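Chain naming here is simple, since letters A, B, ... match the order of the sequence lines and numbering starts at 1 in each. Side chains included, hydrogens not; waters and symmetry mates left out as well; all remaining heavy atoms used. Every value quoted in this text rests on a predicted model; they were computed, and no experiment measured them.
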Protein chains: 2
Amino acid sequence: MSVPFAQILRVPGYRKVAAAIAERILSRELREGERLPSETELARQFGVNRSTVREALRELESGGLLERRPGSKLMTVSRPQHRAVAKDVSRALALHDVTFFEVWEALTQLEPPIAEIAARNRTAADLDSITAARQQFAAGNTETGKAVHQAAEFFRCVGRATHNQVLALAQEPLLDLLEPSLRVMIDKVPQARSRIAAAQQRILEAITRRDVEAARGWMAKHIRDFRKGYELADIALDCRVHVSPHRLPVTGCG
Amino acid sequence: MSVPFAQILRVPGYRKVAAAIAERILSRELREGERLPSETELARQFGVNRSTVREALRELESGGLLERRPGSKLMTVSRPQHRAVAKDVSRALALHDVTFFEVWEALTQLEPPIAEIAARNRTAADLDSITAARQQFAAGNTETGKAVHQAAEFFRCVGRATHNQVLALAQEPLLDLLEPSLRVMIDKVPQARSRIAAAQQRILEAITRRDVEAARGWMAKHIRDFRKGYELADIALDCRVHVSPHRLPVTGCG
DNA sequence: GATGGCCTAATTGTCGGACAATCATACGAT
DNA sequence: ATCGTATGATTGTCCGACAATTAGGCCATC
């Protein structure tokens, strides 16, 4: 057989339009908060129909490059929010049959360094937010769903304290995937709440006195403890993680 | 001031349709590869216009939940590809003014554990692909762009060898963000190629004999070396990373 | 001067219909 | 069995339309 021909690629117009707008955003030609022209105007400029423009806008909107400020009509340029991007990642991982063990292993590797760097770089404001998260969890008399959310929030605050966006974003999907199983665990294992609260306390103390070694060590122990909790709760480590679907209706009740 | 009222939320139809389809995909009711009904049929079922359905499809398509098999008309359900998701993450990070230092620091924390776990879990097939990637880079007489891509490919192969999708996906955005600056570095620092090749060789050897300590250690050194290279190339660590925009035209030349 | 009401124009969300180009499929010819 | 053809389905794109909402200007009132 001779050299195969390259595929003929037909790119639909809505994708070209989306790509053109996306390029201007990525090149900072369009800056955050800037308002996009109206759909009619865009259609005129690109020389396509408004329907085509709208399909392109949906693509950009879904990617987080455009958003509509609440109560506003025109779309504004925006930077994809970390939470939204993380949701996409965790959704992808869940669809790829990621096991709980994989998530736990990643946490094992990622969280201790995060704690260490947080101990090194944290500011007073970071301490405040971590403390607040810890206290909210330690209050403890909340329902399971909220408690789980608060436990995740503690990790998020520590992640932000690293002042490294890459690390902070990297842990977000893990927290998403952790959440559902953590909910089961907290319900099933009576001592889980107090153990988590104690771990948070020690981590917070270490970060407070900038003790990088202790912060890393306690965080490592904290993660190891999770695994024990899962075993106590009879949650198999090799079963698939799930993810709550409520992502697209960011704006809730229709 | 009294308790503020909740915002009135009006969810447009195209988003409801997208959410409804996404939910069926996430719940595995619609399985991968399954073909979606035609737009007309979907419009009939949802009781909306075809234009509305199309906007919803663009949203799902952009999120990677739907794709069109090449040369096919109907959309099929798909799981978001890791590469595509990673592109979104790196794009988001770039737009959030992530500095090169942050990327490097994340690599410092993430890659050594990946090498260690790869050394523990690698199969013979993994060794083959890592070896192939190493050889392609070591051949060395390629142009800069290709060389950079091959260097990243080495990391990818090691990541896959961990058999942990979470870790493998976590490093992908870092490689995307590394690429542009690595291109500059390889061009400016003459000895860069050989040093990278040597590091790859040692890492590969360690992974081959399942020496987890050595794998972690050499990888750590490899990453530290990157930093030296950047200093030699006069690339400031606190400058923003960039990302190539060619993401949306996955299908190239229009 | 600030506030609130009112009017007009602009904008979005949605609809209906239309058509060319392409794809899927069955049928028939060689 | 392979190739050409006819037919229907599907997508990409267009046009035009309309209700609901928002933006912005103008004016009266306090």
Using the rule side chain to side chain contact (heavy atoms under 4.5 Å, CB included), only one of B/Met185, B/Glu179, B/Glu153 pairs with B/Val148; which is it? B/Glu179
Distance, rounded to the nearest Å, where [X] contributes [atom1] and [N] contributes [atom2]:
X	N	atom1	atom2	answer
B/Leu66	D/dT11	CG	P	12 Å
A/Leu42	C/dA10	CG	C1'	14 Å
A/Arg35	C/dT11	CZ	P	10 Å

Thinking salt bridges, do [X] and [Y] make one under a 4.0 Å N-O criterion?
X	Y	answer
B/Arg91	B/Asp176	no
B/Arg44	B/Glu41	yes
B/Asp97	A/Arg28	yes
B/Glu61	A/Arg15	yes

With a 6.0 Å cut-off (strictly less than), is the heavy-atom count around CZ of B/Arg183, excluding the residue itself, greater than 12? yes
Quick check: closest heavy atoms across A/Leu65 and A/Pro80, and the distance to 0.1 Å?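 So the two residues come closest at CD1-CG, 3.7 Å.
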Where is the tightest heavy-atom contact between A/Thr52 and A/Gly13, given as atom of each residue plus distance?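 Looks like CG2-C, 3.9 Å.
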For nucleotides 7-9 of chain C, give me every protein contact, N/O to N/O, under 3.5 Å, one pair per line with atom names.
none

Which residues in residues 46-57 of chain B have at least one heavy atom lying under 4.0 Å from any atom of DNA chain D?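 Contacting residues: B/Arg50, B/Arg54.
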Selection from C/dT12, C/dT14, D/dT10 that lies nearest to any side-chain heavy atom of A/Glu39: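 Closest of the options to the side chain of A/Glu39: C/dT12.
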Compare side-chain N and O positions of [X] against OP1 and OP2 of [N] and report whether any pair is under 4.0 Å apart.
X	N	result
B/Arg10	D/dT22	yes
B/Arg68	C/dC23	no
A/Tyr14	D/dT13	no

